[in-house]
Amino acid sequence: MHNNADSLIVLDFETSGLSPDNGDRAIEIGAVKIEHGIITDKFQSLMNPGFRINSFIENYTGITNQMLQNAPSCHEVMLDFATFIGSNNLLAHNASFDQKFLDAEFEHINQRYSGEFACSLLVSRRININAPNHQLGTLVNYKNIASDGSFHRALFDAEMTAKLWLSMLEDIQRQINQNQVSFDLIQKIAKTAKKNVPALLANW
DNA sequence: TGCCAGGCCCTCTTTAGGGCCTT
């Protein structure tokens with residue numbers, strides 16, 4: 001198994017609710033692969049959780065029960081997704097949420113992943129200290145990232161998270177080059193991004 | 001009937017509370 005420090009899977013789940021511990025399931029997965037700073041691959045699928053989702057989720061995501069009726073099962077989709085992520089490191093916006101669901105869905109199909117999670121939200125709180133807030137949509141606007149506004153669908157949010165991440169890496173690299181990054185900030189970023197900030201720590 | 005998440009960070013902190021972010 002090869003764990004490439006300069007490649008990364010950026011993923012986003014749409015789900016039936018906030019907590020797999022309350023029986024919530026994934027209803028859509030979207031992901032892109034970043035290699036050497038470029039998006040090189042993508043993965044997207046709806047998945048049928050086996051029960052009806054409530055109207056809040058239908059309105060929030062635009063994913064309807066009708067759309068899920070003919071979707072493949074979570075089991076089927078997550079098996080394919082396990083192949084897609086391989087041993088790569090992983091990134092999500094508010095990673096604790098997506099990690100929770102990835103763990104739960106993989107548990108259902110007895111799969112494991114070996115990559116480590118990084119979190120674009122936690123890094124943003126360190127880097128974009130003047131942003132109005134750190135919601136994905138706000139940050140995309142704040143960083144002037146091109147967007148057609150289709151938030152709350154998995155592949156779109158994953159793509160936006162990937163672009164936000166690459167933008168933040170550029171900002172950090174620029175600040176390092178200009179000696180504008182304090183050791184304290186670097187330590188805080190490393191700490192808040194947890195054990196692994198692929199391609200970022202590699203530059204330090 | 002009533003319940004309804006949890007990890008991280010900041011601070012009026014560490015014998016804790018509250019806001020943010022994800023669906």
Side-chain angles (χ1 to χ4, degrees), chain A residues 9-32 44-68 71 74 77-78 81 89-108 115-143 145 147 149-165 167-168 182 184-197 200:
Chain A
I9 301 292
V10 186
L11 65 101
D12 182 72
F13 280 109
E14 304 305 314
T15 70
S16 66
L18 286 173
S19 174
D21 293 338
N22 285 349
D24 289 318
R25 296 293 299 265
I27 60 174
E28 187 182 38
I29 178 70
V32 297
Q44 185 275 333
S45 184
L46 292 169
M47 53 190 122
N48 188 336
F51 53 82
R52 290 183 62 82
I53 59 172
N54 64 41
S55 58
F56 173 83
I57 296 297
E58 282 189 319
N59 292 329
Y60 187 81
T61 63
I63 298 168
T64 64
N65 280 293
Q66 191 173 19
M67 292 162 69
L68 294 177
C74 294
V77 173
M78 294 311 294
F81 189 59
N89 289 317
L90 305 164
L91 169 73
H93 197 67
N94 197 15
S96 65
F97 177 86
D98 293 281
Q99 182 170 19
K100 197 165 58 174
F101 275 94
L102 184 63
D103 289 351
E105 292 299 338
F106 268 28
E107 177 118 17
H108 283 298
E116 290 182 278
F117 263 96
C119 179
S120 53
L121 167 67
L122 296 180
V123 172
S124 178
R125 283 182 174 154
R126 298 301 189 194
I127 297 300
N128 300 313
I129 54 176
N130 293 320
N133 60 58
H134 298 274
Q135 296 170 21
L136 180 60
T138 301
L139 293 170
V140 166
N141 285 330
Y142 182 74
K143 298 301 297 175
I145 295 168
S147 154
S150 307
F151 288 100
H152 305 307
R153 285 301 297 268
L155 180 59
F156 182 81
D157 283 2
E159 287 174 339
M160 290 300 104
T161 301
K163 290 178 179 178
L164 171 65
W165 181 253
S167 171
M168 291 196 298
S182 68
D184 181 56
L185 177 62
I186 291 176
Q187 277 200 317
K188 280 184 174 176
I189 293 170
K191 181 185 171 191
T192 55
K194 301 208 251 186
K195 300 101 188 164
N196 176 59
V197 185
L200 175 57

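Just so we're on the same page: letters track the sequence lines, and every chain starts at 1. Below, all heavy atoms of this structure are taken into account, side chains as well, without hydrogens, waters or symmetry copies.
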The side chain of A/His152 is closest to which nucleotide in this list: B/dT23, B/dT22, B/dC8?
B/dT23

Provide, to the nearest angstrom, the distance between the CG atom belonging to A/Leu121 and the P atom belonging to B/dG6.
18 Å

Tell me which of A/Gly17 and A/Arg125 sits closer to the 5' end of DNA chain B, going by the nucleotide each one is nearest to.
A/Arg125

Using atom NE2 of A/His93 as one end and atom C1' of B/dC20 as the other, report the distance to the nearest whole Å.
10 Å

The test is side-chain hydrogen bond (donor to acceptor under 3.5 Å, both in side chains); show your working for A/Ser120 and A/His93 and say whether it passes.
CA-CA 5 Å; A/Ser120 53; A/His93 197 67; 2.7 Å; yes

Give me the distance, rounded to whole Å, that separates B/dC3 from B/dT15 when you measure between the C1' atoms they each carry.
29 Å

Would you indicate what A/Asn133 reaches in the nucleic acid, counting non-hydrogen atoms under 4.0 angstrom: base, sugar-phosphate, or nothing?
sugar-phosphate

Just to be sure I understand the rule, does A/Phe101 reach a base, reach only the sugar-phosphate, or reach nothing, if contact means heavy atoms closer than 4.0 Å?
nothing

Hey, does A/Asp12 reach any base, or is it just sugar-phosphate, or nothing, if we go heavy atoms under 4.0 Å?
sugar-phosphate

Give the nucleotide from the list B/dC9, B/dT23, B/dT22 with an atom nearest to the side chain of A/Thr15.
B/dT23

Consider the side chain of A/Ser96, meaning its heavy atoms from C-beta on, and name the nucleotide among B/dC21, B/dT23, B/dG7 that approaches it most closely.
B/dG7

In whole Å, what is the span from the CG atom of A/Leu136 to the C1' atom of B/dT22?
10 Å

What is the distance, to the nearest angstrom, from the CD atom on A/Glu14 to the C1' atom on B/dT23?
7 Å

Nucleotide nearest A/Gln135 (side chain, heavy atoms from C-beta), chosen from B/dC21, B/dT23, B/dA5
B/dC21

Taking B/dC9 as the reference, what is the distance to B/dC4 when you measure between their C1' atoms (whole Å, please)?
24 Å

Return the value, rounded to whole Å, for the distance between atom CG of A/Asp103 and atom C1' of B/dA5.
15 Å

Nearest-angstrom distance from the residue atom CG of A/Leu18 to P of B/dC3:
18 Å

Closest heavy-atom pair and its distance - A/Ala26, A/Pro49
O-CB, 4.1 Å

Length of the CD1-P vector between A/Ile29 and B/dT22, whole Å:
16 Å

Give a yes or no on whether a salt bridge exists between A/Glu28 and A/Arg153, defined as a side-chain N under 4.0 angstrom from a carboxylate O.
yes

B/dT14 versus B/dC8 - spacing of their C1' atoms, nearest Å:
16 Å

Please check if the side chain of A/Asp12 supplies one atom and the backbone of A/Asp157 the other of a donor-acceptor pair under 3.5 Å.
no

Rounded to whole angstroms, how far apart are CG on A/Asp157 and P on B/dC21?
15 Å

A/Asp24 backbone acceptor or donor facing A/Asn22 side chain under 3.5 Å
no

Distance-minimising heavy-atom pair for A/Glu58 and A/Asn65:
OE2-N, 2.8 Å

State whether A/Arg126 places a side-chain N or O below 4.0 Å from either non-bridging phosphate oxygen (OP1 or OP2) of B/dC10.
yes

Span that lies between the C1' atom of B/dG7 and that of B/dT23, in whole angstrom:
16 Å

DNA chain B: A/Thr61 or A/Asn22, which has the more 5' nearest nucleotide?
A/Asn22

Taking the same atom, C1', in B/dA16 and in B/dT1, what whole-Å distance lies between them?
31 Å

Spacing of the C1' atoms in B/dC12 and B/dG19 (rounded, Å)
15 Å

